[in-house]
Structures are given as C-alpha cells and as structure tokens.
Amino acid sequence: MRKGIRIRGNGKRQCWGGARIWRVPGKAKPPICASPSCSTPLPNLRHLAIIEPLVYLTLRLRLPDALIRLPSGSRLCTRRSSSALAPGSGATIFALSSGQGRCGVAVIRTSGPASGQALRILTAPRDLPPARHASLRLLSDPRSGEPLDRALVLWFPGPKSFTGEDCVEFHVHGGPAVVSGVLQALGSVPGLRPAEAGEFTRRAFAHGKLNLTEVEGLADLIHAETEAQRRQALRQLDGELGHLCRGWAETLTKALAHVEAYIDFGEDDNLEEGVLEQADIEVRALQVALGAHLRDARRGQRLRSGAHVVVTGPPNAGKSSLVNLLSRKPVSIVSPEPGTTRDVLETPVDLAGFPVLLSDTAGLREGVGPVEQEGVRRARERLEQADLILAMLDASDLASPSSCNFLATVVASVGAQSHSDSSQRLLLVLNKSDLLSTEGPGPGPDMPPHLLLSCVTGEGLDGLLEALREELAAVCGDPSTGPPLLTRARHQHHLQGCLDALGHYKQSKDLALAAEALRVARGHLTRLTGGGGTEEILDIIFRDFCVGK
Ligand SMILES: Nc1nc2c(ncn2[C@@H]2O[C@H](COP(=O)(O)OP(=O)(O)OP(=O)(O)O)[C@@H](O)[C@H]2O)c(=O)[nH]1
Ligand SMILES: [K+]
Ligand SMILES: [Mg+2]
C-alpha cells in the first residue's frame with residue numbers, strides 16, 4: 001500500500017502541483033467550474049471526488065482540454081488549442097479540391113469568414129442560396145462582369161461545415177480555362193488567398209471537427225490503393241482509434257482522480273475503502289489492453305505502407321514467372337537459363353485487396369560467378385526483411401540437391417520460428433505442376449504443407465490467391481474486423497510512452513509520483529489524438545495532404 005504524502009495548506013489554501021484550490025475556512029463554499037467562460041456552481045469537493053472523479057480531477061488539475069461535466073452529464077466546455085491553425089489563418093482560403101486536369105466536374109472550395117461575400121460577388125446580383133442546397137448560378141468575374149460558367153454552388157454556413165467555418169463549394173465544368181477563371185476571380189475578392197496544402201483539413205482539426213487520428217485516417221483514405229487500405233482508413237476516419245484512445249484516457253483520468261482523492265482525504269474515515277486498489281485495477285487492465293495493441297502495431301503500418309512479400313527459391317523454379325503473373329505485367333525477364341534474375345526487383349501490387357511490395361530475387365545457389373553471387377547475397381538479405389515468403393520449387397525436380405537443400409534451409413528455418421505476430425510467414429509453392437504427369441513423381445508424404453501451381457497453365461492460381469489473402473490478413477490485420485489498428489509510428493510511440501508511464505506508476509512508492517506517472521501516461525494519449533501536439537508534428541501530418549484538401 002503506498003503511503004500518502006499530504007501537503008496541507010493553512011486550511012485556507014491547498015496547493016498541489018501548481019493547481020491552486022482556494023477553500024474558504026468553515027463552510028466549504030462550492031467551487032465554480034474551471035472554465036473562465038462560465039461560473040456554474042458545483043457540489044462540494046469531497047462528494048465530487050467520488051461521484052464525479054472526472055470533474056473533481058478537472059477542477060483539481062485544470063486539465064486543459066478535458067470535458068467538464070456536471071453530474072447531470074451536460075458538458076460545460078471543451079476546447080482545442082487554436083495554435084493548430086496554420087500561420088496567417090484568419091484569412092478566407094480557396095483552392096481546387098477535385099483532381100488536377102481536364103474532367104467533367106471540378107470542385108473549388110472556400111473556407112473562412114469572407115466565403116459568403118465571395119459567393120455573393122461571383123453570383124451577383126443573386127443573393128446567397130439556401131444553406132446546404134445545391135443551386136444553379138451563373139458565375140461572373142467581378143472585375144470585368146465576364147460570365148465564367150454556369151455552376152452548381154453550395155453554401156455551408158459555419159459551424160456545420162467540413163472546417164467548422166463558413167464554406168462554399170463551386171461545382172464547375174472541369175475545363176482548365178473555367179477552373180483558372182474561377183480561381184482568378186476568387187483571388188480578386190478582398191480577404192481571400194490560395195490555401196496551403198492540407199489547410200482545409202488543418203482548419204477542421206483546429207475547430208475540433210476532426211481529431212489527429214481522424215486527420216490521419218482522411219490522409220490514408222485519399223492515399224488508399226487497395227480495398228484493405230480503404231477499409232482501414234475509413235474506420236480510422238470514423239474515429240474508431242480516437243474513440244479507443246479517449247476511452248483509455250478517461251480510465252486514466254478516473255484512476256488519477258482516485259489517487260488524488262486519496263491524497264486529499266485519505267485519512268478521513270468517510271472516504272470509501274479501496275479507492276487506491278480501484279485505481280490499481282484500472283491501471284492493470286489498461287496495461288493489458290495497451291500491450292495487446294502494441295503487439296498489433298506493425299500490422300497497421302504494414303497495411304498502410306504495404307506488406308513485404310519476397311519470392312525465393314532455387315534457379316529456374318519459376319520465380320520470375322510467378323512475379324509477372326501476380327503483378328500482371330512483365331516485371332522480370334523469364335528464360336530457361338538458370339541464373340537469369342540477379343537484382344532484387346520490387347513492384348507494388350494489390351494482392352487479394354492488400355497492399356504488397358512484391359520482390360523477385362536471384363535463384364539461391366552456391367559456386368557461381370561473382371555477379372550472380374552478389375545477386376544471391378542480396379536475395380538472402382531481402383529474405384530477412386520479408387513479412388511473407390513465397391518459397392518456390394520446381395515440382396518436377398524435387399529430388400535435386402538444390403531443391404533438397406532449399407527445403408532443409410530456408411523452408412525449415414522459417415517453419416522452426418516460434419509463431420508470434422511479428423515472426424515471418426511462409427507459403428511453399430510447388431510450381432510446374434503441368435510437368436508432373438510426364439516427368440515422374442510429385443511431392444512425397446514428407447513434403448511440408450504446400451500448394452501446387454503451374455505458371456504456364458494457371459492451374460492452382462486461385463488456391464494460391466486465397467492462401468495469400470489469408471496470410472496477408474494475418475500479416476496486416478483484417479481491417480474489417482478486430483480493434484482499430486495503429487497505422488503510424490507516432491501512434492506506437494505514444495502508446496509505448498503511456499505503457500512505460502503506467503509501469504512507473506506501479507513501481508512508485510510515493511503517491512505524488514504515482515499521480516505524476518498517471519498524468520504523463522494520460523498526456524501521451526491526449527497527444528495521440530492531437531491535444532497539445534507540437535507545431536512540427538502538425539506540419540508533418542498536414543504536409544501529407546495536397547492543396548485543396
Ligand atoms: N512447364 C512450365 N514451365 C515453367 C513454369 N513456370 C516457369 N516455367 C519456365 O521455367 C523457366 C524458368 O522460369 P523463370 O521464371 O525464369 O524462373 P526463375 O526462378 O525466375 O529463374 P532464375 O531467375 O534464373 O532463378 C522458363 O523457361 C519458364 O518459362 C510452369 O509452371 N510450367
Ligand atoms: K531462369
Ligand atoms: Mg528469375
């Protein structure tokens with residue numbers, strides 16, 4: 001049981017960790033809400049510490065971005081640091097938000113206080129259309145009165161808009177002359193300026209419309225190349241990861257309130273028994289949840305950046321033929337001459353809906369010329385980095401020394417690995433099955449689990465794709481089910497930091513240090529969803545976006 005250190009003021013003032021609570025001696029006057037913008041009276045502090053630990057802690061520690069809730073559950077205030085806005089952010093911004101180049105319809109967006117004025121000026125003499133109704137308007141250049149296009153316009157008065165500010169969308173014909181004419185006309189409206197890359201989304205973040213994980217989910221959705229990446233990004237944009245982190249942060253806030261309450265009232269006999277034990281139980285459960293998520297961390301990142309699948313095997317097994325088949329393009333040279341492939345040839349492929357970096361490699365054999373030997377060395381090096389190994393043999397040549405050696409080394413060594421989430425996975429493919437009928441015996445009973453395939457006839461390809469889908473779901477995590485995945489090193493960093501701080505909480509003998517460890521842990525979760533992120537991190541994240549997003 002930790003001993004409590006009690007810092008008691010002179011009955012009037014109790015200061016703790018910099019937050020000051022002023023108590024009036026005698027009848028404890030109920031404190032008021034910490035938010036400067038309201039003065040709602042709250043029930044007395046001791047009572048509060050137990051029935052509303054979140055509010056108690058908020059008052060005690062003035063958590064900057066916490067939700068201050070009354071027992072009735074109504075919210076008092078939430079706020080995000082406005083520093084998240086890009087520099088020069090008071091202006092109204094505009095940009096082409098649909099793709100560059102000739103297209104049927106192009107979408108030009110504005111966001112900021114002068115949006116309504118810009119819409120009036122470009123559609124003069126008509127007034128603003130009804131909010132959120134697509135309206136057909138003639139756009140004209142305010143400088144010359146020259147008609148620009150007949151467009152659909154949409155007026156989104158803030159805060160019910162993507163950025164939380166007044167927004168307008170111009171849906172114009174997607175010809176370069178129309179788009180540039182409208183952009184120039186907008187540029188001539190006082191108070192408007194072209195948007196920076198990602199600035200619309202950055203404003204949505206600054207106005208609390210998106211948290212940082214949702215911003216990253218939006219970036220991933222825009223960059224998604226495969227079905228699995230789209231599903232994963234959509235879940236993150238829908239806030240699943242942010243929601244999970246908020247739940248963890250609330251658990252920590254409750255545990256912290258219990259520890260603080262014990263520090264404040266530990267000796268009072270009417271403080272509930274087991275307040276500290278309750279905090280320990282909450283922390284232990286959180287450690288288990290965080291640990292499970294961190295073990296999964298690599299999966300989410302693989303899903304974003306692509307799983308490394310390496311094709312390996314003895315010369316002439318048909319490796320290059322398979323790579324060309326899976327990538328549906330002539331990535332590698334195929335020839336009957338063994339030792340054709342020397343360099344590692346990497347190509348991004350959508351395999352069964354998963355993003356994959358598929359590598360073709362030199363046939364593994366010893367005792368060849370220096371160039372091919374360098375190729376073999378590079379092949380082995382790439383094999384080390386593989387998330388999934390496609391091991392290939394010629395099914396009609398299984399008794400050869402090169403096949404036996406390959407089975408005894410590469411295949412056996414991966415099979416021997418203890419199966420954990422981070423260990424490599426291997427699929428054994430016996431190629432050239434079309435030769436089996438004529439060339440004699442196929443695989444014996446002691447052959448490890450394998451798939452038969454013919455790159456020439458395509459026999460067995462469906463089975464291989466199904467097996468690949470299962471393996472890749474295991475390697476990348478199945479984005480349709482299971483908990484939301486961590487998709488960035490930043491997420492992993494903060495979760496690891498949170499877990500480390502919880503470790504310090506458990507080791508600390510001194511309650512004050514234990515409370516501080518919980519605060520540090522909670523800070524990591526807050527930064528993960530974007531409260532209090534540093535400018536540099538925000539710049540890096542929003543740099544990922546194109547202009548107009
Ligand atoms: N009959 C038959 N021949 C195949 C099959 N797959 C590949 N081949 C032939 O086998 C020879 C070698 O194919 P590659 O794809 O170059 O083999 P590789 O493993 O990349 O060879 P190296 O790069 O030299 O290691 C070529 O002549 C292919 O046409 C198959 O399924 N059946
Ligand atoms: K070959
Ligand atoms: Mg090859």
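Each ligand, and each atom within it, is numbered from 1 in the order the structure gives.
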Between Trp248 and His293, is the ring centre distance below 6.0 Å?
yes
Between the Mg ion (ligand 3) and Thr341, is there an N, O or S atom separated by less than 2.8 Å?
yes
Give a yes or no answer on whether the side chain of Glu250 reaches the backbone of Gly247 with a donor-acceptor pair at less than 3.5 Å.
no
Could you list which atoms of ligand 1 come closer than 4.0 Å to a heavy atom of Pro338?
24 (O)
Using a cut-off of strictly less than 3.4 Å, determine whether Thr341 has an N/O/S atom near the K ion (ligand 2).
no
Number the atoms of ligand 1 from 1 as they appear, then name those within less than 4.0 Å of a heavy atom of Leu435, with their elements.
1 (N)
In the protein, which heavy atom is nearest to atom 14 (P) of ligand 1, and how far is it?
Ser321 OG, 3.7 Å
N/O/S atom name from Glu337 that is nearest to the position of the K ion (ligand 2)
O
Should the heavy atoms of other residues, nucleotides or ligands under 6.0 Å from CD1 of Ile333 be counted, would the total exceed 12?
no
Residue and atom name of the nearest protein heavy atom (relative to atom 16 (O) of ligand 1), distance in Å to one decimal:
Ser335 N, 3.3 Å
So if I count the atoms of ligand 1 from 1 in the order they appear, which ones are less than 4.0 Å from some heavy atom of Gly318?
7 (C), 13 (O), 14 (P), 15 (O), 17 (O), 18 (P), 19 (O)
If the contact criterion is a heavy-atom separation under 4.0 Å, does Glu337 count as touching ligand 1?
yes
Over-ring placement of Lys549 relative to Phe162, 6.0 Å and 45° cut-offs
yes
Are the side chain of Lys319 and the backbone N or O of Leu393 linked by a donor-acceptor pair below 3.5 Å?
no
